[in-house]
Amino acid sequence: MDASASILFSGRFSFAANPAPNLMPNEEPSVDRKTLDDRQKMTELERLRHSCAHVLATAILRLWPEAQFAAGPPVENGFYYDLDLAHRISPEDFEKIEAEMKKEIKANHVFERIVVTREQALADAASGRLGGLAERPGNPSQFKLGNLADIPAGEPISYYRNGDFLDLCAGPHVMRTGNIGAFKLTHVASAYYKGDEKNPQLQRIYGTAFKNKTEMEAYFTMIEEAKRRDHRKLGQEMGLFALDSEYVGPGLALWLPNGTAILEELEKLAKETEFAAGYVRVKTPHLAREKMYKTSGHLPYYADSMFPPMILPMENEDRKNFEKLLLKQGQLRSGLAAAGHQGAFEAEDHPLHRQGLESAQPAVADVADALKEEERLAKAIGEFRSHGRYYLKAMNCPHHHRIYAAEPRSYRDLPLRLAEYGTCYRYEQSGELFGLMRVRALNMNDAHIYCTAEQFAEEFRAVNEMYLKYFQIFGLSKYQMRFSTHSAAGLGKKYVNEPALWHQTEDMVRRVLVESGINYVEVANEAAFYGPKIDVQVWSAIGREFTIATNQVDFAVPAKFGLTYRDRDNTDKTPLCIHRAPLGTHERFIGFLIEHYAGNFPLWLAPEQVRVMTIGDEAPLVDYASALVRELRAGQVRVKADFSTNKINGKIQEAEKARVHTMLVIGSRDLEAGNVSLRRHGHGNLGAKPRAEVVADILAAIHERRA
RNA sequence: GCCAGUUUAGCUCAGCGGUAGAGCAACGGUUUUGUAAACCGUCGGUCGCCGGUUCAAUCCCGGCAACUGGCUCCA
């Protein structure tokens with residue numbers, strides 16, 4: 001990150017300099033604050049929250065004068081301050097910390113800005129004065145020293161002082177501590193200093209602050225509403241999915257019948273849309289040999305994120321050949337040693353290899369030849385080993401590449417669009433698992449488009465248009481396209497070392513985005529290792545930000561697999577590949593939809609679309625209702641019957657709680673008139689209507705995927 | 001993976017150094033009903049797992065696991 005941003009705020013900023021118009025003000029993407037000028041653009045509320053962080057530090061120092069502070073910025077819904085303190089602050093401490101904060105606010109101290117020289121700042125940090133109430137001999141402000149080091153030469157250095165508390169800070173602040181109308185500490189967490197895993201872990205105290213109590217109460221009411229919409233809670237209530245970590249494993253979701261209904265509706269939508277867009281469907285296994293991921297280049301980059309391989313025992317003949325190689329290798333190395341060659345070979349731990357090593361081999365005649373032979377043996381041994389290793393696939397692309405390779409391809413076959421709802425497995429770190437949003441087994445709305453450079457722009461544009469079409473269906477208006485490019489520094493490490501291709505493809509993507517008038521932000525150094533990409537970020541109704549879809553260029557991996565097509569000029573050329581997943585994964589997309597709709601799905605997605613209930617269970621009523629159920633079921637409607645003798649109020653309450661989309665009540669009056677009484681979840685009783693009309697409308701609404 | 005917190009019946013949650021309780025759900029009856037709960041009864045728990053302290057542990061201590069909130073990460 002830019003060093004100037006680190007004066008006080010070493011962590012991540014959660015407000016942007018250039019908010020995209022389709023975003024709500026408090027839903028801007030997180031972007032590092034680049035300059036002091038940017039900082040002056042802090043909103044009034046952000047200043048207030050930032051000031052409250054200083055008040056928090058003041059209070060903590062009153063209780064624990066030895067505390068060392070690092071960074072205390074405003075964040076999306078409040079603020080935090082990172083600190084180092086032997087005492088572990090727990091929520092039980094909040095009350096007394098808040099009491100001290102109230103005193104500081106009541107004292108109504110001025111936030112005084114003081115500009116100092118670097119020498120002065122270094123001296124104050126050394127004495128422990130910075131981020132303290134007084135000088136603290138023997139307890140220098142170590143993190144402030146670290147922050148000072150990040151301030152570029154020539155940039156002004158400023159303090160802010162409220163009462164006794166003096167902090168290195170670029171500001172800005174509110175005028176007085178008394179301007180903080182309402183605040184509350186919310187939780188403790190831990191964070192690495194400057195966000196770097198290698199740095200010490202600090203305690204992070206989070207809080208929120210508002211101009212007044214009313215606004216704060218509205219915020220907490222909103223939080224309560226958000227908890228009700230949480231996909232984990234709704235998922236359980238509605239019987240959508242289960243996470244059985246004991247028997248199945250953490251992050252491995254089980255789709256219950258209700259959730260599967262949604263999942264299959266999404267697949268149906270994707271299949272229809274992709275069919276219309278000229279995709280063909282394929283189906284591939286969930287695992288592949290190690291060679292696949294060595295070739296694709298994924299293994300060196302992503303081995304940590306893959307489940308470890310399963311290792312198959314070798315067949316008899318293979319084993320014999322393998323052991324012969326090991327013996328031979330040992331002997332060869334022994335011979336090389338006898339010839340005085342001290343090669344640094346990879347150690348092999350095998351009895352036969354050792355037996356070879358210990359054999360008294362005559363010195364080799366030609367060391368260069370012997371080394372060549374050694375290299376060949378080592379490679380062959382590696383291949384034998386690799387042959388029996390299978391990995392669960394973390395991505396579908398290599399399998400699709402092999403489908404491409406399964407037949408000779410002509411330029412006439414391109415673009416070739418291979419689509420699959422592929423199941424991938426990723427070994428996400430345990431702490432990163434999160435309901436359905438971050439899982440270890442995922443069903444991806446995947447496809448790979450193989451095309452020529454000339455076709456690329458059109459294909460890429462079509463993919464982006466498909467995204468927009470989907471977003472419209474789901475009434476998704478808040479999203480942000482994020483264009484991720486490479487960094488020169490990462491070439492050969494994080495990114496394949498093809499600088500010309502990077503620039504070429506990045507230009508192509510940028511042009512498509514500009515020409516389609518798509519609103520996007522460009523971020524450097526976040527591309528995939530094989531090419532630039534566009535991620536689509538959405539904000540769930542709860543305000544959680546997620547990458548829901550992705551559209552990536554791949555100019556590297558097809559070549560690694562030797563994929564070619566025969567062009568007009570009768571030469572073989574390598575196709576470009578577009579990886580795209582507009583609906584992301586079922587897990588994340590449905591998790592998102594649950595929160596988006598608060599569990600109140602439109603008819604076409606609702607797990608239980610219709611429930612037919614009778615008032616009483618007398619035979620003619622049940623016959624009439626049964627016929628209705630059969631008719632709906634014949635129309636592929638997910639319908640259930642409740643013909644029990646419970647009171648109609650009770651039946652309705654049950655159906656409402658289950659969020660059944662459409663409730664059809666049938667009593668003797670309806671029977672006589674050939675009607676059904678219609679009720680919709682969230683809309684109440686809509687009155688009696690002719691049966692045929694209601695059925696036709698239900699079928700039409702499902703077919704049209706009406707919102 | 002790291003820091004902190006949490007884990008009691010299918011769900012939501014009480015409770016306590018002397019091996020447990022409510023509501024809802026489930027199940028069995030009774031009830032024949034007009035748009036968000038009719039009534040009665042029954043069942044249900046190795047108090048996350050393993051170990052320690054104690055005459056006695058669900059409760060105190062330690063380890064592990066899972067979950068939650070963050071951090072780091074996210075092809």
Side-chain angles (χ1 to χ4, degrees), chain A residues 11-12 75 80 82 88-92 186-206 230 232-233 236-237 239 242-246 249-251 293 296-298 301-302 304-306 393-398 424 426-435 437-439 442 444 446 484 494-495 526-531 533 535 546-547 550 552 554 557 579 581 588 613-618 621 643-658 663-670 677-688:
Chain A
R12 281 191 178 173
V75 288
Y80 66 79
D82 286 347
R88 292 277 158 207
I89 292 177
S90 80
E92 287 163 22
T186 52
H187 52 282
V188 251
S190 88
Y192 301 101
Y193 179 50
K194 295 188 184 179
D196 188 338
E197 218 173 345
K198 290 185 251 342
N199 284 339
Q201 254 189 339
L202 305 172
Q203 303 190 57
R204 176 170 291 182
I205 315 291
Y206 278 94
D230 191 307
R232 293 166 295 186
K233 190 176 161 67
Q236 188 193 46
E237 270 174 32
L243 292 164
D244 179 354
S245 54
E246 189 182 354
Y293 303 107
S296 70
H298 283 105
Y301 288 96
Y302 299 113
D304 285 351
S305 304
M306 293 174 75
K393 64 179 173 182
M395 63 294 294
N396 300 303
C397 25
C424 299
R426 297 182 182 182
Y427 193 77
E428 303 286 359
Q429 292 186 56
S430 58
E432 275 146 15
L433 299 175
F434 178 71
M437 302 296 201
R438 226 19 214 288
V439 290
L442 25 120
M444 204 186 289
D446 216 354
S484 301
K494 201 172 161 189
Y495 307 117
E526 287 195 9
F529 78 86
Y530 44 66
K533 64 173 180 177
D535 287 323
F546 286 97
T547 299
T550 186
Q552 310 178 348
D554 182 348
V557 184
H579 304 235
R588 190 172 283 185
M613 32 202 154
T614 53
I615 300 171
D617 69 345
E618 273 153 357
L621 274 177
F643 302 159
S644 70
T645 62
N646 286 338
K647 289 210 177 268
I648 192 64
N649 281 336
K651 295 190 190 189
I652 283 175
Q653 167 135 6
E654 252 176 59
E656 288 282 359
K657 273 170 77 177
M663 289 153 273
L664 302 179
V665 175
I666 294 167
S668 49
R669 293 206 296 268
D670 303 294
S677 287
L678 180 65
R679 182 184 171 99
R680 283 229 176 89
H681 177 61
H683 296 274
N685 186 1
L686 302 174

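Lettering of chains follows the sequences in order, A, B, ..., and the numbering in each one begins at 1.
Within 3.5 Å, no donor on the side chain of A/Ser190 pairs with an acceptor on the base of B/A4, nor the reverse. Side-chain atoms of A/Tyr192 and base atoms of B/G1 include a donor and an acceptor less than 3.5 Å apart. Side-chain N/O atoms of A/Asn649 and base N/O atoms of B/G34 include no donor-acceptor pair closer than 3.5 Å. Between the side chain of A/Gln201 and the base of B/C2, at least one donor-acceptor pair of N or O atoms lies under 3.5 Å. Within 3.5 Å, a donor on the side chain of A/Thr645 pairs with an acceptor on the base of B/U31, or the reverse. Within 3.5 Å, a donor on the side chain of A/Arg438 pairs with an acceptor on the base of B/C74, or the reverse. Between the base of B/U35 and the side chain of A/Glu656 there is no donor-acceptor pair shorter than 3.5 Å.
Checked against the 6.0 Å centroid criterion, the rings of A/Tyr206 and A/Tyr80 qualify as a close aromatic pair.
Lacking a ring centre under 5.5 Å from that of the base six-membered ring together with a plane angle below 30°, A/Phe529 does not count as stacked on B/A75.
Among the nucleotides B/G69, B/A66, B/C71, the one closest to the side chain of A/Ala189 is B/G69. Of the candidate nucleotides B/G69, B/C71, B/A75, B/A75 has the atom nearest to the side chain of A/Lys533. Among B/A36, B/C3, B/A75, the nucleotide with an atom closest to any side-chain atom of A/Lys657 is B/A36. Comparing B/G69, B/C67, B/U72 against the side chain of A/Pro250 picks out B/C67 as the nearest. In this structure, the nucleotide among B/A75, B/C74, B/A36 sitting nearest to the side chain of A/Ala528 is B/A75. Nearest nucleotide to the A/Gln236 side chain, out of B/C11, B/G1, B/G34: B/C11. Between B/A75, B/U31, B/A36, one nucleotide has an atom nearer to the side chain of A/Tyr530 than all others, and that is B/A75. Taking the side chain of A/Ile615 as heavy atoms from C-beta on, and the options B/U33, B/G70, B/G69, the nearest nucleotide is B/U33. For A/Met306, the listed nucleotide lying nearest its side chain is B/A75; candidates were B/A38, B/A75, B/C74. In the set B/A75, B/G34, B/U35, B/U35 carries the atom at the smallest distance from any side-chain atom of A/Arg679.
If you check B/G17 for Watson-Crick or wobble pairing at under 3.5 angstrom, you find it has no partner at all.
No contact: A/Glu237 has no heavy atom under 4.0 Å from any strand. Across all strands shown, A/Ser677 has heavy atoms under 4.0 Å from base atoms, whether or not it also approaches the sugar-phosphate. Using a 4.0 Å heavy-atom cutoff across all strands shown, A/Asn685 reaches at least one base atom of the nucleic acid. Among the atoms of the strands shown, only primed sugar atoms or phosphate atoms (P, OP1, OP2) are found under 4.0 Å from some heavy atom of A/Gly650. No engagement by A/Asp304 is indicated, since no non-hydrogen atom pair under 4.0 Å with the nucleic acid exists. Residue contacts for A/Ser668: at a heavy-atom cut-off of 4.0 Å it reaches a base atom on one of the strands shown. Looking at heavy-atom distances under 4.0 Å, A/Ser430 makes contact with a base. The residue A/Arg232 sits close only to the backbone: its heavy atoms come under 4.0 Å of sugar-phosphate atoms, none of a base.
No side-chain heavy atom of A/Ile666 sits less than 4.5 Å from a side-chain heavy atom of A/Ile615. Contact check for A/Ile652 versus A/Met613: side-chain heavy atoms found under the 4.5 Å cut-off. Contact annotation: the side chain of A/Arg588 never approaches that of A/Phe434 to less than 4.5 Å [non-hydrogen atoms, C-beta and beyond].
In terms of the side-chain hydrogen bond (donor to acceptor under 3.5 Å, both in side chains) criterion, A/Tyr302 has no residue partners (sequence neighbours excluded). By the ring pair (Phe, Tyr, Trp, His ring centres under 6.0 Å) test, A/His579 is found to be paired with A/His448, A/Tyr530, residues two or more places apart in sequence or in another chain being considered.
B/A65 and B/G23 have their C1' atoms separated by 30 Å, with the value rounded to a whole Å.
Heavy atoms only, all atoms of each residue included: A/Ser668 and A/Leu621 are closest at N-CD2, 3.8 Å.
Distances shorter than 4.0 Å separate none of the side-chain N or O atoms of A/Gln653 from OP1 or OP2 on B/A36.
Atom CE of A/Met437 and atom P of B/U68 are 12 Å apart (whole Å).
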